[in-house]
Amino acid sequence: MTEQTPVKDKAATAVTLPDAQTVTSVRHYTDRLFAFRCTRPQSLRFRSGEFVMIGLMGDNGRPLLRAYSIASPSWDEELEFYSIKVPDGPLTSKLQHVQPGDQIILRPKPVGTLVHDALLPGKRLWMFSTGTGFAPFASLLRDPETWEKYDEVVITHTCREVAELTYGREIVEALRDDELIGELVEGKLKYYPTTTREESPKMGRITTLIESGEVFADLGIPPLDPAVDRAMVCGSLAFNLDIKALLEKAGLREGANSDPAEFVVEKAFVGDGV
Ligand SMILES: Cc1cc2nc3c(=O)[nH]c(=O)nc-3n(C[C@H](O)[C@H](O)[C@H](O)COP(=O)(O)OP(=O)(O)OC[C@H]3O[C@@H](n4cnc5c(N)ncnc54)[C@H](O)[C@@H]3O)c2cc1C
């Protein structure tokens with residue numbers, strides 16, 4: 001039995017919320033994006049790249065939960081989430097106001113396909129993301145396993161505006177100084193941020209840049225090859241379908257936990273993508 005009566009203040013939430021975790025820090029990036037960290041249940045084990053259900057108690061006294069990729073790596077003592085703020089969104093219209101000390105609900109049942117186990121061994125790993133679809137890669141990029149498994153890792157992140165790239169850019173930049181994986185990352189990481197609306201050094205949808213061959217020319221690497229390349233994809237439904245078609249055209253096959261292959265896909269949200 002997990003449903004509880006609604007609680008109106010912090011003192012009450014501290015003792016009554018089921019699966020409660022305490023928010024430890026919050027950072028706002030834009031009026032549409034924020035990230036927060038919270039305590040991690042001692043019993044929670046997950047594979048970097050997986051998602052869980054998190055949320056808040058709704059006004060009707062029932063938990064209001066949504067799927068969220070865990071953005072922190074599996075070794076981290078805390079959990080991190082990177083979130084959209086949907087103005088009228090049932091959850092995020094409230095979640096965007098959380099403060100350190102507040103409690104959130106976390107169902108400790110991690111699942112997902114953006115995991116190393118769902119890919120066959122390869123030489124180069126592509127991570128294709130739009131918007132908050134960067135979140136599972138924020139986890140995987142900080143996991144030593146990613147760097148032990150691959151000779152090269154390419155992370156692409158496409159957003160409408162430059163400021164929306166900040167969360168991802170800071171994670172990528174911090175990797176090289178990371179005590180745990182700094183040395184492993186050396187010489188293996190290629191970061192490819194693009195914007196679709198605001199002017200930036202590289203503009204355009206990643207799908208267009210793949211089709212034109214521009215991304216390969218820019219990075220100095222050959223076109224996608226199923227013998228070499230593996231891919232993980234996370235963005236809007238439409239983005240995922242477009243990338244999937246391009247990967248399949250190049251001869252890569254979609255994998256799953258039970259049937260590993262050359263690429264895996266997870267949707268970060270349904271509509272209104274980049
Ligand atoms: C497997 C999975 C993992 C997810 N991981 C994340 C995550 O790490 N971070 C995150 O912010 N969201 C993530 N989402 C989306 C999340 O579950 C919610 O939809 C989101 O938090 C908004 O909730 P809401 O109740 O405010 O609005 P909802 O009623 O859920 O959505 C309202 C509208 O906002 C759009 N929307 C929802 N989420 C996003 C988004 N992330 N970016 C752009 N538009 C969006 C929807 O398409 C919809 O049109 C994930 C979804 C799935 C299926």
Side-chain angles (χ1 to χ4, degrees), residues 21 23 26-38 40 44 46-60 62-74 76 78-98 104-115 118 127-142 155 157-161 163-168 171 195-197 205 232-244 254 256-257 264-274:
Q21 298 303 321
V23 174
V26 182
R27 181 163 165 206
H28 292 267
Y29 290 86
T30 70
D31 57 357
R32 294 183 65 237
L33 293 167
F34 73 112
F36 65 93
R37 292 176 68 86
C38 68
R40 174 176 176 170
L44 177 65
F46 68 95
R47 294 176 294 174
S48 295
E50 287 187 314
F51 69 89
V52 284
M53 302 300 291
I54 65 167
L56 296 169
M57 200 56 92
D59 294 335
N60 61 1
R62 292 177 158 272
L64 175 56
L65 301 172
R66 292 284 186 269
Y68 268 80
S69 296
I70 302 175
S72 46
S74 56
D76 201 326
E78 290 186 338
L79 296 174
E80 182 174 309
F81 296 97
Y82 180 47
S83 180
I84 190 80
K85 304 176 198 174
V86 182
D88 303 319
L91 177 65
T92 56
S93 59
K94 296 194 173 86
L95 190 67
Q96 63 178 285
H97 300 297
V98 290
I104 62 149
I105 303 168
L106 183 143
R107 294 277 191 261
K109 295 196 183 71
V111 286
T113 54
L114 299 181
V115 291
M127 299 172 171
F128 295 106
S129 65
T130 62
T132 58
F134 189 90
F137 303 136
S139 173
L140 283 154
L141 284 168
R142 292 184 275 187
I155 167 79
H157 190 201
T158 302
C159 294
R160 292 175 189 170
E161 293 164 16
E164 295 170 345
L165 294 166
T166 308
Y167 175 79
I171 283 179
T195 55
T196 53
R197 281 200 195 155
R205 292 167 188 275
M232 295 182 171
V233 184
C234 192
S236 68
L237 191 58
F239 168 79
N240 287 0
L241 289 173
D242 289 348
I243 292 271
K244 182 176 144 104
E254 184 168 2
N257 275 287
V264 280
V265 177
E266 195 116 79
K267 68 172 182 291
F269 53 94
V270 179
D272 192 32
V274 178

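Each ligand, and each atom within it, is numbered from 1 in the order the structure gives.
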Can you give the donor-acceptor pairs under 3.5 Å from side chains of residues 82-91 to other protein atoms, not counting sequence neighbours?
unit_1, atom_1, unit_2, atom_2, d
Ser83, OG, Tyr68, OH, 2.7
Lys85, NZ, His28, ND1, 2.8
Lys85, NZ, Thr30, O, 2.9

Please list, in number order, the atoms of ligand 1 under 4.0 Å from a heavy atom of Leu91. 24 (P), 25 (O), 26 (O)
Find out whether Leu114 and Val264 are in side-chain contact, i.e. whether some heavy atom of one side chain is under 4.5 Å from a heavy atom of the other. yes
Is it true that a side-chain atom of Asn257 and a backbone atom of Ala118 form a donor plus acceptor pair closer than 3.5 Å? no
At a non-hydrogen distance cut-off of under 4.0 Å, which region of Tyr68 contacts ligand 1 (side chain, backbone, both, or neither)? both
Restricting to salt bridge (Lys or Arg N to Asp or Glu O under 4.0 Å), what partner residues turn up for Lys109, sequence neighbours left out? none
With respect to Thr132, determine whether any N or O atom, backbone or side chain, lies less than 3.5 Å from an N or O atom of ligand 1. yes
Can you find an N or O of Phe51 that's nearer than 3.5 Å to an N or O of ligand 1? no
Nearest candidate to atom 29 (O) of ligand 1, where distance is taken over non-hydrogen atoms, out of Gly235, Gly131, Gly89, Pro90: Pro90
Counting heavy atoms only, name the option from Pro87, Pro136, Ala67 that's nearest to atom 17 (O) of ligand 1. Ala67
With heavy-atom distances below 4.0 Å as the criterion, list the atoms of ligand 1 near Val86. 32 (C), 34 (O)
What atoms of ligand 1 come within less than 4.0 Å of a heavy atom belonging to Thr92? 21 (O), 22 (C), 23 (O), 24 (P), 26 (O)
Could you tell me, atom by atom, which parts of ligand 1 come under 4.0 Å of a heavy atom of Ala135? 8 (O)
Hey, is the main chain of Glu80 close enough, under 3.5 Å, to the side chain of Ser72 for a donor-acceptor pair? yes
Below a 4.0 angstrom heavy-atom separation, can you tell me which part of Phe81, side chain or backbone, both or neither, approaches ligand 1? neither
Show me which atoms of ligand 1 lie under 4.0 Å from any heavy atom of Ser83. 11 (O)
Can you check which of Arg66, Lys267, Gln96 brings a heavy atom nearest to atom 23 (O) of ligand 1? Arg66
Do Arg205 and Asp242 meet the salt-bridge criterion of a basic N to acidic O distance under 4.0 Å? no
Quick check: does any side chain N or O of Arg107 sit under 3.5 Å from a backbone N or O of Gly55, one acting as donor and the other as acceptor? no
When you measure from the side chain of Thr113 to the backbone N and O of Ala256, does any donor-acceptor pair fall under 3.5 Å? no
